[in-house]
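Inspection log for the structure reproduced underneath, given as structure tokens.
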Amino acid sequence: MRITVVGGTGYVGLTVAVCLAAQGHTVYAVDIRDDKVQQLKAGIPTIYEDALTDLLKDTLRRHVFIPSTDVQGAVKHAEVVFVCVGTPSRHDGRMDLSQIQGASEDIGLALKEDDDYRVVVVKSTVLPGTTENLVMPTIERLSGKTAGVDFGVCMNPEFLREGQALNDFLYPKDTGIVIGELDERSGDVLFDIYKEFDAEILRTPIRVAEMVKYARNAYLAKDISFANEMANICQGLGIDYLDVKKGMEMDSRIGRGRFLNAGAGFGGSCFPKDVRALLAQTAELGVDPMMLRATLGVNDMQPYRLVEMTKRGLGEIDGKQITILGLSFKPGTDDMREAPAIKIIHSLLAEGAKVMAYDPKAVDNARKIFGDRIQYAGSSKEALTHADACVIVTEWSEFSDPQLYDHMAGKLVVDGRRILNPNAFSSDVRYTGVGWRF
Ligand code: NAD
């Protein structure tokens, strides 16, 4: 099939575009960012994801993956157009729809000049009603065509996790695939793309598909805040939360799930902004969203627990050299959007600390945020050499070697992800962690 992905240099767009190209479709990845399009043409991924470089180079070489800035031209070329542009938070927590609006306008203008039937698939996370009340009417207005007659419309939420994006998109057995369809004809076209995937496919009205994505993200975010609150209570009581977690997981109604892990709080481009957007929408519905508010409230404060623990361990932060291990919001990605490390570093700087940071993939993105207000190390060993204390913020596997911490000048380790065994250190290391008993 001929497919166009609008927003094709972003985390979701590039993943979708490269994976569909690898599956035998011809895919145009279009974006308004010329610099990122040129980068892709040169075979250099615009995001970090495992195995992406090889797949990008292979699909470029076979001319089945075509990066371009010509959005309208690429839409005309396609039978299916995926909209994967960003839907970030505005300052008031509501969804910023400007990218969705811009993409819909370009699609509308392209459709005006072409009479072929094609299906527009909204993959961006949008609140219920957005596809039918904004995307569809914008395309209709600018094309002079009618949805459900001249072109089809679907909403197909994306459930991939950064850090394992390609695998999640190609093998969605654990998440399933949700096709929100305007009508059967639209849904059939999208179904055709997914029919060979090994996953349950749910076909629903568009608004249901939109809501499924928010309900899932709110549910998972709530689990993380619950785990963090339990860990904070345990720490106050002098109980190790990991022992409690083990006891909780024995109950099959709770089960073993990584969302019981306590840590520095959730970040990234999805959970915080999606919970905020849903919360903001409830104001119009007469619903008091106490769970959503509490989920965000716990999460907003959680990064500062790590600062407090550092303070308690050092006595005084002013003038101390503190190393941050891990900057991305989770391992396996270079994404720093709403990463807990940002709050932690700002807070440490405000208290007068000198901050040295290391991350295997996210240092370039960190430079855009902090510039030369902090120092950056080329390795975890280098980062730790002169440290009075270190704070593990992201659970990259290389930080879980206890011998790494023998190189520290000072000996305070604040484990924000509980990846270290406190008993594995040489005797002079002082260990503290989220939900640890002292
Ligand atoms: P992103 O910011 O990485 O990418 C968006 C891209 O769209 C950018 O490259 C931008 O330049 C481009 N763009 C904006 N307006 C455009 C236009 N008019 N025409 C062409 N390109 C345009 O965002 P992302 O993280 O990939 O997220 C995209 C959507 O997917 C969001 O709604 C997000 O909530 C959702 N989502 C993200 C993830 C994730 O893990 N990142 C997972 C599931 C769903």
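It should be emphasised that the depicted structure is a prediction, and the values quoted were computed from it without experimental measurement. One-based numbering, in listed order, for ligands and for the atoms of each.
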request  = Answer with yes or no whether the side chains of N228 and S225 bring together a donor and an acceptor at under 3.5 Å.
outcome  = no
message = Please report whether ligand 1 has a polar contact with E158, defined as an N or O pair separated by less than 3.5 Å (distance criterion only).
response = no
query = When you check the side-chain N and O atoms of Q39 and D35, is any donor under 3.5 Å from an acceptor?
reply = no
query = Do any nitrogen or oxygen atoms of E162 come within less than 3.5 Å of a nitrogen or oxygen of ligand 1?
reply = yes
note = among protein heavy atoms, the one nearest atom 27 (O) of ligand 1 is V12 CG2, 4.1 Å
Ligand 1 N/O within reach of D106 N/O, cut-off under 3.5 Å = no
remark   = The answer for which part of D335 has a heavy atom under 4.0 Å from ligand 1 is neither
key: Pairing residues for A294 by the side chain to side chain contact (heavy atoms under 4.5 Å, CB included) criterion, not counting sequence neighbours   = none
query = Taking the six-membered ring of F151, is NZ or CZ of K145 closer than 6.0 Å to its centre and within 45° of its axis?
reply = no
query = Which residue supplies the protein heavy atom nearest to atom 11 (O) of ligand 1, what is that atom called, and how far is it?
reply = D31 OD1, 2.6 Å
request  = Find all atoms of ligand 1 within a distance of less than 4.0 Å from any non-hydrogen atom belonging to R33, and give their numbers and elements.
outcome  = 11 (O)
query = Side chains of L14 and F65: does their closest heavy-atom pair fall under 4.5 Å?
reply = yes
message = Below the 3.5 angstrom mark, is there an N/O of K36, backbone or side chain, next to an N/O of ligand 1?
response = yes
